[in-house]
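Data first, discussion second: the structure below is written as structure tokens.
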Protein chains: 2
Amino acid sequence: MKPIRLPCYCGSLRQASRVVTQLYDQMLKPSGVKITQFSILKLLAACPDLTTGGMADALAMDSTTLTRTLKILQENRWIEAATGTDRRQRCWRITADGLQRLQHAEPLWEGAQKEFTRLADDVDLDSLTRSVFLLVQKVGG
Amino acid sequence: MKPIRLPCYCGSLRQASRVVTQLYDQMLKPSGVKITQFSILKLLAACPDLTTGGMADALAMDSTTLTRTLKILQENRWIEAATGTDRRQRCWRITADGLQRLQHAEPLWEGAQKEFTRLADDVDLDSLTRSVFLLVQKVGG
DNA sequence: CCACTATACATGCATATACATATATCACCA
DNA sequence: TGGTGATATATGTATATGCATGTATAGTGG
């Protein structure tokens, strides 16, 4: 049987999120990072010393979800935490190991982006990403 | 900080999936069903005797994921399984309890749909859902 | 009927998700 | 300065997700 088009906006987005995540995770597999972890590493490489809450806002993730994922990355020694002036905060940085891992994953991610655009060649991706980001801004928070 | 627009198609979809799921789950909360469970109950109410694999295809879910969720619904006595002529298959039906639960959730889901369209009033939702379903068809499988 | 392969579902493991709640720290004010 | 409410993060619990693998049954060629 084929996938059905659900009337539910949420269900439709979840369907798409699942199949697209599977594509990306499969293509990232040789690097040993999953797409969620890749997003975090990439963000930290660009913005060092982001806090847990800052990252949660940027990625539209619940901070309790992010806490668990950061713990995994920390155990892998891909990121490390420092305490800021506000001692409640944890300021995160990517480590040398994490950067190496990210650099290994980067071309695989680009391959996934390319494969995604190939598979979705009859979709207006500019319009789609604009709409999707609007949803994140308007529905989130 | 505000959410950032990610260059990653997958990350963007996951951001949207998260915030929209939170909206729907919050509005469904009085019914005691989550949006994933709601989708399954609604599908089974419309299509009795669907198998695990048939549902997985329809919902674009991995069948091993679906197995766990079906188990929860079965333990709640909202659905029940029968064995078909092919004794490997499990044919699922919604129970009277499940139907009642679904009917309780239905108006809450409609409220979530309405609230979603209100929040996303400057998004072309027809175009968005068309694109999103195309992704499910083209990227999935 | 008997291997052999394919299919349907389940299980082990790891990660992702978030609500309710707990804890530590900060900011402010009396 | 000490109390009080707010904020940043962590933890308990439950569900969601999917890959690798296992098990039972079906189908097929001899």
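Every chain is numbered from 1, with letters handed out A, B, ... down the list of sequences.
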Inset, instruction - Under 4.0 Å between any heavy atoms, over every strand shown, what does T52(B) touch: base, sugar-phosphate, or nothing? Just pick one. - result: sugar-phosphate
Legend entry - L128(B) side chain near Y9(A) side chain, heavy-atom distance below 4.5 Å: no
Legend entry - Hydrophobic cluster membership, L13(B) vs L6(A), 4.5 Å side-chain cutoff: yes
Inset, instruction - Give the C-alpha distance, both sets of side-chain angles, the deciding distance and a yes or no for side-chain contact (heavy atoms from CB on, under 4.5 Å) between L23(A) and L119(A). - result: CA-CA 11 Å; L23(A) 170 67; L119(A) 291 169; 4.2 Å; yes
Inset, instruction - Please report the C-alpha distance between W109(A) and M27(A) in whole Å, then the side-chain angles of each, then the deciding distance to 0.1 Å, and finally whether the side-chain contact (heavy atoms from CB on, under 4.5 Å) criterion is met. - result: CA-CA 7 Å; W109(A) 170 75; M27(A) 298 201 64; over 6 Å; no
Quick test: give all pairs of protein nitrogen or oxygen and nucleotides 13-15 of chain D nitrogen or oxygen below 3.5 Å, distance rounded to 0.1 Å.
from    : atom 1 : to     : atom 2 : distance (Å)
dT13(D) : O4     : R68(A) : NH1    : 3.4

Legend entry - Value in whole Å for how far the C1' atom of dA18(C) lies from CZ of R18(B): 11 Å
Table of protein N/O atoms under 3.5 Å from nucleotides 27-29 of chain C N/O atoms:
none

Inset, instruction - Report which part of the nucleic acid T85(A) touches: base, sugar-phosphate, or nothing (heavy-atom distance under 4.0 Å, all strands). - result: sugar-phosphate
Inset, instruction - Select base, sugar-phosphate, or nothing to describe what T21(A) touches, counting heavy atoms under 4.0 Å on all strands. - result: nothing
Inset, instruction - For residues Q113(A) and P7(B), report the shortest heavy-atom separation together with the two atoms involved. - result: NE2-O, 3.0 Å
Inset, instruction - Indicate whether the side chain of S17(B) and that of R18(A) have a donor and an acceptor atom separated by less than 3.5 Å. - result: no
Legend entry - Along DNA chain D (nearest heavy atom to each residue), the more 5'-positioned of Q89(A) and Q26(A): Q89(A)
Throw together a table of side-chain donor-acceptor distances under 3.5 angstrom for residues 96-107 of chain B, partners on residues two or more places apart or in other chains.
from    : atom 1 : to     : atom 2 : distance (Å)
R101(B) : NH1    : S31(B) : O      : 3.0

Inset, instruction - Between Q22(B) and T64(B), name the one whose nearest nucleotide on DNA chain C is closer to the 5' end. - result: T64(B)
Legend entry - Touch class at under 4.0 angstrom, heavy-atom based, for K29(A) against every strand present: sugar-phosphate
Legend entry - Closest-nucleotide ordering on DNA chain D, the 5'-leading residue of L70(A) and R14(A): L70(A)
Legend entry - Side-chain heavy atoms of L135(A) within contact of F116(B), under 4.5 Å: yes
